[in-house]
Participant: 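Have a look at this one before I ask anything.
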Amino acid sequence: MTFLAPGWILMAAVASTAIVAIHLIAWQLPRAVSLPTARFVPDEPARRAARTIRPSDLALMALRVAIVMAGGMAMAHPVMAPRPSGTATVIAVERPAATGLRDSLGGISRGDRTVFVVFDSAARVYTDEPSALGDAERPDPASGASVTVGLLGAVREGHRLSRDYASVDLVVISSFARSSIDAATVAVRDLWPDSIRVVRLPAEAAVPTPASVELSAGDDDPVVAGIRLAQSNGLVRGTSRVVRSVATAADTASADAGAALVLWPRAERSDTGRVDGVHVDGATALAHFVHATLPDSGRVVARWIDGSAAAREVPRGAGCIRTIGFDLPDAGDFVLTPAFQRLASALLARCGVAPAEGVAADSMLVRLAAPPRQVTVPATDHDGGASNRLAATLMALAVLLALAELVIRRRGVGASRMAPGVTA
Amino acid sequence: MLFDSLRGLSWPSRRRALGALPGTHRSRLRGAAPELSEYRLYRQGDDPRQLDWKLLARSDRAYIRLAEDRSLLATWFVVDASASMAFPEDTRAKWSLACDVALGLASVALAAGDPVGLLVAHRATPARTPARSRRGTLSEMTATLAAITPGGAAPLAPLVGDLRPGARLVIVSDFLGDEPGTLVAARALLVAHSDVHAVHVVASEELEPSSRAIRAVDPEDDAIARPFDESMRARYRSNFSGWRDDVAAAWRRAGATWTTVITGEDPALAVRRVISASASGGLVAEAR
């Protein structure tokens with residue numbers, strides 16, 4: 001048997017201790033002394049309290065302790081259920097599955113039991129991994145995934161498993177596209193009191209679009225390597241031409257033809273830059289940046305964290321010319337990080353159009369992963385019927401014992417009134 | 001020691017004695033005593049030997065020569081030997097003082113030639129010593145009292161009611177038993193020209209009980225058991241004092257003397273106070 005509110009048991013134990021202590025203070029009659037003039041003593045009730053090492057009125061004391069303990073146990077909401085043990089893992093997987101899902105699943109430590117929740121606009125629960133993978137990897141272009149839905153399903157399964165398992169881990173694997181986060185996501189996340197492991201995967205293009213990136217640089221250029229990695233992850237959409245040196249007529253012609261000409265001048269290779277942040281499309285990339293000059297005109301497509309422009313775009317023909325005001329030092333692996341890939345995705349997007357699929361900010365992921373400050377515990381069943389019956393039985397027992405105590409106490413008072421010279 | 005200190009005391013009766021035998025108390029009879037009291041005209045039936053012949057010869061009138069007679073007066077002691085007199089339990093000071101006062105007064109009465117009798121209210125069968133004036137009476141009384149251990153709740157009233165009128169009665173008691181009945185019986189004797197003396201024996205522990213919290217139990221009535229502590233002392237004193245005053249006033253109104261003796265007091269002094277109360281015509285002679 002477990003108690004949902006064990007604090008009441010503690011309070012009942014403290015009250016019982018107080019009752020026993022009170023019974024240790026026994027009312028004792030004074031010593032009887034012969035006094036011929038006793039009739040002139042005022043006939044008033046008087047008793048003297050004296051401590052004794054043996055409790056007085058054992059039956060009454062036992063009844064009172066039983067009343068308090070029964071009431072305390074009833075208030076503690078007892079549940080006749082086996083004590084949970086072991087660990088369970090709930091893995092929520094976004095559908096359609098992004099690249100690297102299987103690798104991510106392989107890196108997740110499992111508990112004694114694993115439950116999969118595959119979610120897009122609805123959540124489906126699977127108890128075996130092959131079925132879950134089969135559902136998650138099934139292409140469905142029309143479906144838009146919702147992290148809120150996935151969290152709801154995962155939290156529900158987590159609470160269900162917490163009855164049988166001492167520890168339940170929640171894992172959410174998703175690309176965390178901005179469109180999958182809504183206003184209810186944080187509130188739903190707060191339904192789970194513990195931390196949630198968040199695994200972000202590169203987002204698959206919902207609708208494959210032809211991407212064409214022309215790079216005018218060698219393979220030793222870190223920016224080129226990062227762009228290619230983003231391109232391989234499907235983050236680069238549209239037609240763009242990245243020029244790392246001086247633009248030629250052919251480059252300008254491509255802009256006239258509708259491509260995005262990205263002028264990303266290369267800085268001195270010895271320049272290591274300084275730590276700064278570039279904010280673009282809701283995400284901020286922090287790294288060592290080498291600042292470069294920017295034209296004063298054009299639409300700002302990226303900003304430094306101090307608000308100044310980090311990239312500008314001017315239309316040209318059917319396309320545009322986008323000038324990048326920073327470069328990356330050769331040293332470092334920033335270009336391999338998802339942050340740079342999101343940055344590159346935004347900077348290489350189609351002209352005049354925001355990226356088709358932004359991703360949620362890292363701060364949102366941190367918020368989802370960290371335990372909530374205020375836990376909102378949902379009303380769960382917890383075998384409520386049996387628990388309520390047991391609590392009601394204990395409460396009825398306490399009432400019956402209270403009545404018995406009343407009867408015994410009245411009899412005791414009556415007996416003491418019969419005794420000569422003794423009044424209650 | 002007690003008897004020595006009381007030697008030479010006289011204890012005159014407050015009322016004229018009815019006895020015929022000559023003694024030290026003024027008698028209600030007037031006869032041929034040497035001491036002339038008054039002349040009275042001869043009436044038929046008078047003793048002709050009391051005629052004053054010389055006055056008859058001078059005045060030709062027959063006068064009877066009356067003289068103040070003195071007679072003996074039987075003195076009865078009714079001593080309370082109930083359980084309340086065995087207080088305090090360790091010293092029984094009340095009983096000792098009651099015995100000393102009774103024996104001291106008896107010694108004074110016996111010294112005047114009065115017969116002295118003893119009644120002890122003790123349990124079911126009261127001890128009784130007939131009224132005698134012979135030598136050894138005091139020893140007999142002493143032995144009788146010494147053989148008694150106070151106990152029970154013997155009433156005084158039956159013993160007082162059985163006494164003949166005209167005698168002198170001394171009741172030595174704490175009057176915590178049947179005091180109202182005893183007063184009724186004593187009042188009947190007082191009406192019949194008896195001389196009644198009430199000696200109230202009080203223990204100092206009764207006036208000032210222990211300051212410790214106790215459960216006071218009446219030795220003669222187990223139903224009276226009351227807690228007593230320091231907070232009740234003032235009201236206890238008031239109750240006890242008021243009762244003593246009421247009882248003393250009632251007995252004095254009836255014509256008896258009332259003397260309170262307290263344990264620890266010199267018995268000889270207590271005896272003198274009782275005698276003094278008698279000599280002052282029943283005026284109060286309280287110790288306190």
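Remember, it's a predicted structure, so these values are computed and weren't measured experimentally. Note on naming: letters A, B, ... go to the chains in the order of the sequence lines (proteins, then strands), and numbering restarts at 1 for each one.
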Participant: Quick one: side chain to side chain donor-acceptor pair (under 3.5 Å) partners of T185(A), sequence neighbours excluded?
Facilitator: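 If we apply the side chain to side chain donor-acceptor pair (under 3.5 Å) test to T185(A), skipping adjacent residues, the hits are T148(A), D182(A).
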Participant: Can you tell me if CH2 on W8(A) sees more than 12 non-hydrogen neighbours from other groups inside 6.0 Å?
Facilitator: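 Counting neighbours around CH2 of W8(A), 12 or fewer heavy atoms of other residues, nucleotides or ligands fall under 6.0 Å, so no.
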Participant: Are any of the side-chain heavy atoms of Y236(B) and T37(A) separated by less than 4.5 Å?
Facilitator: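 Yes, at least one pair of side-chain atoms sits under 4.5 Å.
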Participant: Would you say P36(A) and K94(B) make side-chain contact, with heavy atoms under 4.5 Å?
Facilitator: yes
Participant: For D43(A), is there any backbone N or O sitting under 3.5 Å from a side-chain donor or acceptor partner on R226(B)?
Facilitator: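 Flag not set: sc R226(B) to bb D43(A) has no pair under 3.5 Å.
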Participant: Looking at every non-hydrogen atom in both residues, tell me the closest pair between V217(B) and A38(A) and how far apart they are.
Facilitator: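 Minimum heavy-atom separation between V217(B) and A38(A): C-CB, 4.1 Å.
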Participant: Count the heavy-atom pairs under 4.5 Å between each of D218(B), L176(B), V202(B) and chain A, then report the option with the highest count.
Facilitator: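 Looking at each option in turn, the highest pair count goes to L176(B).
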Participant: I'd like to know if the side chain of R39(A) reaches the main chain of F240(B), judged simply by a donor and an acceptor atom lying under 3.5 Å from each other, with no hydrogens or angles considered.
Facilitator: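 The answer is no, because no donor-acceptor pair under 3.5 Å joins these two groups.
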Participant: Please flag which part of E206(B) lies under 4.5 Å from any non-hydrogen atom of chain A: side chain, backbone, both or neither.
Facilitator: both
Participant: Give me the atom names and distance for the closest heavy-atom approach of F87(B) to S34(A).
Facilitator: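 Heavy-atom minimum between the residues: CE1-O, 3.1 Å.
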Participant: As an exercise, state the distance from CZ of F40(A) to OG of S241(B), rounded to the nearest 0.5 Å.
Facilitator: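 It comes to 10.5 Å.
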Participant: Identify, with sequence neighbours excluded, every residue that meets side chain to side chain donor-acceptor pair (under 3.5 Å) alongside R237(B).
Facilitator: E208(B)
